[in-house]
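Please read the structure below before turning to the comments.
Counting starts at 1 for both ligands and their atoms, following the listed order.
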Amino acid sequence: MEQKATYIKEKFTEILGFAPDDTQTDQLIKFYEMTVEKNKVMNLTAITEFEEFVMKHYVDSMSIIKVIDLKDKNYSLIDIGTGAGFPGIPLKIMFPELDITLFDSLQKRLAFLDVVIRELGLKKIVTVHGRAEEFGRKLDYREKYDIVVSRAVAELTPLCELSIPFCKVGGYFIAYKGMKGDIELKSADRAIKVLGGKLAGTYEFTLPATETDLEKDSTEADTNSGRFLIKISKIKSTDNKYPRGGGKPFKTPLYIEKKANQ
Ligand code: SAM
């Protein structure tokens, strides 16, 4: 426990420039332990080794601070396709003032997150079960969030159609992407505009390798560590025709449709 706490505090300080306090550190360790335990009976994550978990789930989730200041902010934030709770749970632990909605189409992962929320004593955080392309059309969810985040859910163009409708005008959609993020961004250029967004910035970085990475084949480790954050500001309301239903955001991503119409 002591060693784990030291590792977390050191890595956060080294890479992010701030450390969790003792309560937050305990919560991060407990969430790790609960996830690894539940992972024995439910598919939550491929990463179960502690140092790798800290780096690829916690530090990666927190990298959002490079594009937006969340400290002491009571923003409403929705995590689309939160899965096992990333980035939503680490963000809640480190920025307790945020009002967080963990959104996913898989109920059993959310049931696990409800237990996590209860056991960690987290407040101002709820889980919501549904498909983004349906909930993005509902009045209670549409354009209701200051910040929309999403990690590892879909290619950027369909992801924008799923996510930008949740965002208030004046708010931000922040996509956590891997090393192909810049290529996806070029293709999504037109979709972002059509949906009411405007590129507000990007942040590219490499997650430091852990012992586990170094034991793996080096090329595999290399391809796993590149990260690209994309920050989109919502500058105007999304047209009511988006998000489209019937799987269209994926089957006919917006930019392809537009190019075909040119
Ligand atoms: N964000 C987590 C992470 O980075 O570890 C989970 C990523 S997991 C690969 C993708 C998650 O998105 C799954 O839990 C899946 O159920 C959810 N998902 C995929 N499509 C979705 C949709 N249309 N609406 C809501 N959730 C969706």
What atoms of ligand 1 come closer than 4.0 angstrom to any heavy atom of [X]?
{"X": "Glu133", "answer": "22 (C), 23 (N)"}
{"X": "Phe103", "answer": "25 (C)"}
{"X": "Gly130", "answer": "24 (N), 25 (C)"}
{"X": "Ala132", "answer": "22 (C), 23 (N), 24 (N), 25 (C)"}

field: Shortest protein heavy-atom distance from atom 6 (C) of ligand 1, along with the residue and atom involved
entry: Gly81 O, 3.4 Å
task: Classify the angle between the aromatic ring planes of Phe53 and Tyr32 as parallel (below 30°), tilted (30 to 60°) or perpendicular (above 60°).
output: perpendicular
Closest by any non-hydrogen atom to [atom]: pick that one out of [options].
{"atom": "atom 19 (C) of ligand 1", "options": "Val153, Ile80, Thr45, Val128", "result": "Val153"}
{"atom": "atom 27 (C) of ligand 1", "options": "Ala84, Ser105, Gly247", "result": "Ser105"}
{"atom": "atom 8 (S) of ligand 1", "options": "Ala152, Ser61, Gly83", "result": "Ala152"}

- request: Any chance you could lay out the side-chain hydrogen bond (donor to acceptor under 3.5 Å, both in side chains) test for Arg244 and Thr252, step after step, and finish with the verdict?
  value: CA-CA 10 Å; Arg244 295 164 297 159; Thr252 53; 3.2 Å; yes
task: Give a yes/no on ligand 1: does Gly85 have at least one heavy atom closer than 4.0 angstrom to it?
output: no
- prompt: Counting only heavy atoms, which portion of Tyr176 has something under 4.0 Å from ligand 1: side chain, backbone, both, or neither?
  reply: neither
- prompt: Hey, is Asp79 touching ligand 1 through its side chain, its backbone, both or neither, going by heavy atoms under 4.0 Å?
  reply: neither
task: Could you tell me whether Lys38 atom NZ has more than 12 heavy atoms of other residues or ligands within 6.0 Å of it?
output: no
- prompt: When you look at NZ of Lys124, are more than 12 heavy atoms from neighbouring residues, nucleotides or ligands closer to it than 6.0 Å?
  reply: yes
- prompt: Is there a donor-acceptor pair under 3.5 Å between the side chain of Asp99 and the backbone N or O of Tyr75?
  reply: no
query: Which of these, Phe135, Phe173, Phe103, sits in a ring-ring contact (aromatic ring centres under 6.0 Å, His included) with Phe166?
result: Phe103
- prompt: Is there a chain of hydrophobic side chains (I, L, V, M, F, W, Y, each step under 4.5 Å between heavy atoms) that links Val115 to Ile100?
  reply: yes
field: Test salt bridge (charged side-chain N to carboxylate O under 4.0 Å, His left out) applied to Glu143 and Lys236, Lys168, Lys234, the passing residue
entry: Lys234
